[in-house]
Asker: 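Before we start, here is the structure in question, set down as structure tokens.
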Amino acid sequence: MIDISWVIDPVYIVTIFFFIVGMQRMSHPLTARSGIVWAGAAMVIATLVTFLTPSLNNLALIAIAIVIGGGFGYIAAKRVAMTDMPQMIALYNGMGGGAAAGISAVALLGVTTEATGSLAVIGGLIGAISFSGSIVAFMKLQGWMRPRPITFTGQQLVNMAVFALAAIAGILVILQPSWVPLPVAAFLPLFFVLALGFGLLMTLPIGGADMPVVISMYNAFTGLAVALDGFSFATPNYAMVVAGIIVGAAGSLLTVQMAKAMNRSISNVFFGAFGAAEEKGVQIQGSMKSIEADDVAVLLAYADKVVVAPGYGMAVAQAQQKVKELTDLLESRGIAVKFAIHPVAGRMPGHMNVLLAEAGVSYDRLFDRDEVNPEFPGTDVVLVIGANDTVNPAAHRQGSPLFGMPILDVEQAKNVIVLKRGQGKGFAGIENDLFYRDNTRMLYGDAQETVAKLVQSLKKL
Amino acid sequence: MIDATTLWTAVYIVMLAAFTGYVVISRVPVILHTPLMSGSNFIHGIVLVGAMVALGLATTPLEQAIGFVAVVLGAANVTGGYVVTERILQMFDRSGKKQKEGGLK
């Protein structure tokens, strides 16, 4: 057979070029859709050309594994509802991390030099942490696990100890010293168990509100693990190195930007156990006052300016289509309607934008927090649809766990209507002062039904 | 041991790749953060090719088993990452949106 394995490297270079073009296109709204097609085409040719790797065995096993994994990934991603996309990103990211850990394990079971071995160990450590951490994030968002932070005394000490032990086990894997009273074969399993345990422990105390930041960080972790694993082979796999580093760098920047949007530092996200502590000694003045849909319709009908502040509740209730209907109706009556989009509304930055775009709301209606905040004092009615923490004025009060988080200052509007399913707290688990304000009225019920009622009442007026 | 040329080549590549990743994402509107996170999640699916090589060069049954799992996970990362990104980006597509609206009426 003619050896055509020389095509692998040129094809990998083309792959990387396509990846970069793809990401570049994904970073502009108009070209975004074609970006993933570029990247996807590159992935297909990279996968195919990898079968040409010299002395590659187990070809049937490889093909079967690709069919099983690829089939699962495809079907699961197709079936899942749009609202569940954040946890699917977490899940697939975890799988990438797991694959990286697996590559490290295979490399370390075989023959490595100290240099390639060390990189495989670090790649395996990061990959394993990303794997177990992402799975915990997935389970929390999917509701298979309590989303609230899980904490216990001495948690950070335990976490640090586990990490230190994992690092020591990693060093033992490379050096394989004879003076340690353990069989050499035990080092590797011990190392992976500790690394997986650390990922798990590190993610348990993080509350649901911080999950986007965490998923983004594990995304960067997986990228880094993939890059390091690219060096674990006898000849480096530069496709893995470059793609992994690009994701690592882009993912890190994205993580910082997201954390900044929530006014939380990365260390705060990981060690703050956000939402676990109740604020003590603060009694919220006033009471919650409820209102009926008909009365809200009247309020809306006589308003000049209405702002809609959506949150996760809108996504859960799938109310975006009805919201679009309502805003169209208001506009036909000559009422100015704007959408106030908090950068972390929902479970992902841009979550609301995506849902509203799906419902056909055009982009020029959506306004950032900074753009819309000065307008609230002149707004007649604000409809808060399933948002909670992002509109909580407690963020302005020193001592509140939310203190310092940039919020939508909806409480400055003349009337605030909060559409909410029940009287529960937001994802951060903190009481919302807004609900007790004099200008706030609570409209209880499923957001989709409630907005539908509003549309009906408004049509009658 | 890795020789000096390989080491420095690797450092160059890593530096330029990190810069590329940084530049590509630094001036992106917030609305595209989720699709980009999902897109970069897909791109690290390149781990699949590494897993394929690991399984392909595996000799012992244990190595084969771990390699097999790695390929399964890597392949799921690729297809799942692609479909999720595609579905999110579909909503940014104007013609797709019109079709969707038409379908609902």
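To find a chain, count down the sequence lines: A is the first, B the second, and so on, and within it residues start at 1.
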Asker: Check whether A/N237 gets within reach of chain B through its side chain, its backbone, both or neither, counting any heavy atom under 4.5 Å.
Answerer: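 For A/N237, the side chain is the part near chain B, not the backbone.
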Asker: Which bit of A/V80 is near chain B, if near means a heavy-atom gap under 4.5 Å: side chain, backbone, both or neither?
Answerer: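 Both backbone and side chain.
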Asker: Give, as side chain, backbone, both or neither, the part of B/I13 having an atom under 4.5 angstrom from any heavy atom of chain A.
Answerer: side chain
Asker: Is it the side chain or the backbone of A/F19 that comes within 4.5 Å of chain B heavy atoms, both, or neither?
Answerer: both
Asker: Using non-hydrogen atoms only, which part of B/V14 is less than 4.5 Å away from chain A: side chain, backbone, both, or neither?
Answerer: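 Looking at B/V14, backbone and side chain both touch chain A.
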Asker: Considering only heavy atoms, which portion of A/Y12 lies under 4.5 Å from any heavy atom of chain B: side chain, backbone, both, or neither?
Answerer: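 For A/Y12, the side chain is the part near chain B, not the backbone.
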Asker: Chain B heavy atoms under 4.5 Å from A/T53: which part of the residue, side chain, backbone, both or neither?
Answerer: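 A/T53 touches chain B through side-chain heavy atoms alone.
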Asker: Less than 4.5 Å to any heavy atom of chain B: does that hold for the side chain of A/V241, its backbone, both, or neither?
Answerer: side chain
Asker: Which bit of A/L59 is near chain B, if near means a heavy-atom gap under 4.5 Å: side chain, backbone, both or neither?
Answerer: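 No part of it gets close to chain B.
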Asker: Under a 4.5 Å cutoff for heavy-atom pairs, which residue among A/M43, A/K78, A/M88 has the most contacts with chain B?
Answerer: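 The answer is A/M43.
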Asker: Against chain B, label A/A107 side chain, backbone, both or neither, depending on which of its atoms sit under 4.5 Å from a heavy atom there.
Answerer: neither
Asker: Spell out, as yes or no, whether a donor-acceptor pair under 3.5 Å connects the side chain of A/S216 to the backbone of A/P212.
Answerer: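 No, the answer is negative, given that no donor and acceptor are paired below the 3.5 Å cut-off.
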Asker: Where on A/A46 is there a heavy atom nearer than 4.5 Å to chain B: the side chain, the backbone, both, or neither?
Answerer: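 It is both, since atoms from each part get that close.
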Asker: Is it the case that the ring center of B/Y22 lies less than 6.0 angstrom away from the ring center of B/F19?
Answerer: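 They do not qualify: ring centres at least 6.0 Å apart.
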Asker: Under 4.5 Å from any heavy atom of chain A, what part of B/S26 do you find: side chain, backbone, both or neither?
Answerer: both
Asker: Check each atom of A/V49 against the heavy atoms of chain B and say whether the ones under 4.5 Å are side chain, backbone, both or neither.
Answerer: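 For A/V49, neither part sits under 4.5 Å from chain B.
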